[in-house]
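Reading through the structure tokens given below for one structure.
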Amino acid sequence: DTATTDIYTQAFVGSVRCVQETASGPIGDYRSIALKPDHAKRPLWICADKHLFLEPTNRSLFDSASEFLTAIAEPVSRPHYIYEYNLTRFSLYAATSIGIKRDKIIGMLNILAKNAKIPDEVEYFIH
């Protein structure tokens with residue numbers, strides 16, 4: 001539901017802003033990510049630093065997304081509300097070794113993403 005999604009969105013924005021604070025200052029502030037009009041129905045945030053954040057907004061889509069992300073990215077943390085993954089050279093190599101093509105990865109990320117556009121840095125890294 002929308003109220004739950006809004007809570008997850010607020011938690012995401014707040015947690016990322018806090019997680020990104022370092023002794024030398026903030027690494028990034030993701031509050032300005034442009035979202036798709038139907039972002040509340042989509043489970044995935046894609047950040048330019050290759051971190052992916054999955055929230056359980058739609059259970060059937062969440063399960064498929066979690067399985068897909070496990071195949072293409074390394075899990076960083078899986079708490080109750082938001083799962084974090086990181087795209088690495090090794091995770092993409094493993095994905096291609098089991099037959100997942102680059103275009104399929106980008107296509108699925110576009111389907112799952114709340115972002116209006118996948119960050120250029122992520123697309124370049126995948127290609």
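Residue numbers count from 1 along this sequence.
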So, does [X] use its side chain to make a donor-acceptor pair with the main chain of [Y] at under 3.5 Å?
{"X": "Lys50", "Y": "Thr88", "answer": "no"}
{"X": "Ser97", "Y": "Ala94", "answer": "yes"}
{"X": "Lys114", "Y": "Arg42", "answer": "yes"}

Cluster link [X] to [Y], ILVMFWY, side chain under 4.5 Å:
{"X": "Ile126", "Y": "Ile98", "value": "yes"}
{"X": "Ile82", "Y": "Leu112", "value": "no"}
{"X": "Leu54", "Y": "Ile105", "value": "yes"}
{"X": "Ile111", "Y": "Val122", "value": "yes"}
{"X": "Val76", "Y": "Phe125", "value": "no"}

Can you give me the closest heavy-atom contact between [X] and [Y], atom names plus distance?
{"X": "Ile100", "Y": "Ile72", "result": "CD1-CG2, 4.3 Å"}
{"X": "Pro119", "Y": "Cys47", "result": "CG-C, 4.0 Å"}
{"X": "Lys104", "Y": "Phe68", "result": "O-CZ, 4.5 Å"}
{"X": "Pro56", "Y": "Phe62", "result": "CA-CD1, 3.5 Å"}
{"X": "Asn86", "Y": "Ser91", "result": "O-OG, 4.1 Å"}
{"X": "Trp45", "Y": "Glu55", "result": "NE1-OE1, 3.1 Å"}

Practice item. Answer yes or no: are there more than 12 heavy-atom neighbours, outside Lys117 itself, under 6.0 Å from its atom NZ? Key: yes
Check your understanding: Say you draw a straight line from CG of Leu87 to CD of Glu121; how long is it, rounded to the nearest 0.5 Å?
Key ->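 So the gap between those two atoms works out to 12.5 Å.
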Practice item. Hey, could you give me the CD1/CG distance between Ile118 and Asn110, rounded to the nearest 0.5 Å? Key: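 Here the rounded value is 3.5 Å.
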Check your understanding: Looking at side-chain heavy atoms only, is the closest gap between Ile106 and Lys101 below 4.5 Å?
Key -> no
Practice item. Go through Glu74 and Leu52 one step at a time and tell me if the side chain to side chain contact (heavy atoms under 4.5 Å, CB included) criterion holds. Key: CA-CA 10 Å; Glu74 294 181 14; Leu52 310 172; over 6 Å; no
Check your understanding: For the residue pair Tyr83 and Tyr85, does the interplanar ring angle fall in the parallel (under 30°), tilted (30 to 60°) or perpendicular (over 60°) class?
Key -> tilted
Practice item. Determine, step by step, whether Leu69 and Leu44 satisfy the side chain to side chain contact (heavy atoms under 4.5 Å, CB included) criterion, reporting the C-alpha distance in whole Å, the side-chain angles of both residues, the deciding distance to 0.1 Å, and the verdict. Key: CA-CA 10 Å; Leu69 292 175; Leu44 186 65; 3.7 Å; yes
